[in-house]
Amino acid sequence: MVFGGETAESYYDEGVTAALKGDVEQAVHFFQRTIEMDPRFLAAYHQLGRCYARLGRLDEAIDLFVRVIKEKPNQLPLRIDLGNALLESGKLREAEQIFNEVLTVKPDHQRAQLGLAQSAYHQERWEEAMRMARAASMMGQPHFSTLYLLGRSALLAGHHVIAEEALKSASHQVDQMIETSPDHPEGYFLRGEILFMHKKFAEARDAFDAAMNRAKPKIQYVAYGEHFGLLEILARLGTCYQHMGAQEQAKTMGERILTLDPANKAGLRLAGKAADTPES
């Protein structure tokens, strides 16, 4: 029995708590139980969709977001979650439509603007992604995701000064996160991402290694809109080893991934059981 008794509200509260702790699979159980007890509990559908998105179950997440939006068409956070799920599933045009709908209602919506920038980035439209990310950074306090995307797109577009300024600011935010939460993996993972972008693979390896040593196997972490788990950390570590020419260490990372997820594409690649091309 959950704390508070056998009620839909109690299961919902337990689901929110589990999701905040990163125990997303347990949160799914609680939200599903909430819905079983009260099929009209729309917030539970929304939160269940967010959990599915974090677990990579994107089609299920999209279906739930669409269902709730039909009931609550004016809630912008729902549309942002739908747009991000569409973006992550590769449905870029559909995602752009959602983000533009949000911007029509609220022209200074930072997350919607960032979503458009991310779509442009995925389509390798570096200049446009940089411009949109810069616009997003001016719509409020620039956070890591905005600065990181601005830095990456500017670097690929050849605007090295803009890239360095943005990535330096992103690094500062990461340093603050590590300073305040040195025993948590999030800051080290994000530090590794920045170093990887700079092609500083040995330093990135050390950062990802620090994240790995602090991560728990079944926990999904979220920081500044970026979400990852132990599998993603191991994949990044293995890719660093590949770029460093340390193929045996890369293979070890791949084999470790496959013990946790036998069908994992990154694990198969690193273990030499699929196309063995380092990620960029």
Side-chain angles (χ1 to χ4, degrees), residues 83-84 86-100 103 107-177 187-208 211 223-228 232 235-246 250 266 269 275-280:
N84 286 333
L86 289 166
L87 189 68
E88 195 167 343
S89 67
K91 300 173 181 177
L92 303 183
R93 295 303 181 189
E94 294 176 52
E96 289 174 4
Q97 180 179 342
I98 297 297
F99 294 133
N100 279 317
L103 288 168
D108 62 345
H109 199 295
Q110 189 178 54
R111 291 179 65 195
Q113 184 67 37
L114 178 60
L116 290 177
Q118 290 170 327
S119 179
Y121 184 88
H122 287 312
Q123 296 173 68
E124 300 184 359
R125 304 193 322 248
W126 314 128
E127 289 280 353
E128 186 177 352
M130 181 189 72
R131 176 176 56 80
M132 289 181 170
R134 173 173 273 179
S137 71
M138 297 177 181
M139 292 178 175
Q141 184 66 30
H143 54 75
F144 175 86
S145 294
T146 304
L147 293 166
Y148 183 48
L149 182 60
L150 174 57
R152 284 185 295 165
S153 54
L155 192 62
L156 290 166
H159 299 283
H160 297 284
V161 174
I162 295 173
E164 286 302 316
E165 289 178 353
L167 293 173
K168 183 178 180 180
S169 296
S171 295
H172 180 65
Q173 291 190 12
V174 169
D175 291 342
Q176 289 180 320
M177 176 180 285
Y188 300 97
F189 180 81
L190 296 180
R191 174 181 282 173
E193 292 286 78
I194 294 173
L195 291 166
F196 191 94
M197 189 67 196
H198 282 298
K199 301 187 185 301
K200 297 179 179 180
F201 300 117
E203 294 175 57
R205 173 206 57 196
D206 293 342
F208 289 128
Y224 298 121
E226 308 291 324
H227 58 87
F228 64 94
E232 287 75 23
R236 292 312 253 174
L237 258 175
T239 305
C240 285
Y241 281 125
Q242 280 193 324
H243 281 288
M244 295 166 63
R269 173 179 58 78
D276 193 21
T277 304
E279 295 177 355
S280 60

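Numbering starts at 1 and runs along the sequence shown. Computed from a predicted structure; not experimentally measured.
In summary, the side chains of S145 and R111 do not present any donor paired with an acceptor at a separation below 3.5 Å, with no hydrogens or angles considered.
Looking only at distances, a side-chain donor or acceptor of S169 sits under 3.5 Å from a matching main-chain atom of E165. A donor-acceptor pair is defined here as one N or O able to donate and one able to accept, closer than 3.5 Å; such a pair exists between the side chain of Q173 and the backbone of F144. Here the side chain of E96 pairs no donor or acceptor atom with the backbone of L116 at under 3.5 angstrom.
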(message) Between H159 and E127, is the side-chain hydrogen bond (donor to acceptor under 3.5 Å, both in side chains) condition met? List the steps.
(response) CA-CA 9 Å; H159 299 283; E127 289 280 353; 2.9 Å; yes

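The environment of H122 atom NE2 is dense: over 12 non-hydrogen atoms of other residues, nucleotides or ligands sit within 6.0 angstrom.
In this structure, CD in Q176 is found 3.5 Å from NE2 in H172, a value given to the nearest 0.5 Å. Here the NE2-CG distance, from H109 to N100, works out to 13.0 Å after rounding to the nearest 0.5 Å. Taking CG of L150 as the start and CG of L155 as the end, the distance is 11.0 Å to the nearest 0.5 Å. Distance OG1/T146 to CD/Q141: 10.0 Å, rounded to 0.5 Å. With values rounded to the nearest 0.5 angstrom, L86 atom CG is found 10.5 Å from S119 atom OG.
At least one test fails for R205 against the ring of F201: distance under 6.0 Å to the centre or angle within 45° of the axis.
At a threshold of 4.5 Å between non-hydrogen side-chain atoms, the residues I98 and E94 do not count as touching. A 4.5 Å side-chain heavy-atom check between Q113 and M132 finds at least one atom pair inside the cut-off. Using a 4.5 Å heavy-atom threshold, the side chains of F99 and N84 count as touching. Side-chain contact between F228 and R236: absent, with no pair of heavy atoms (C-beta onward) separated by less than 4.5 Å. At least one side-chain heavy atom of H143 sits under 4.5 Å from a side-chain heavy atom of Q110. The closest side-chain heavy-atom distance from L147 to L167 is not below 4.5 Å. Using a 4.5 Å heavy-atom cutoff, the side chains of T239 and F196 are in contact.
F208 pairs with exactly one of E203, E193, R191 by the side-chain contact (heavy atoms from CB on, under 4.5 Å) rule, that one being E193.
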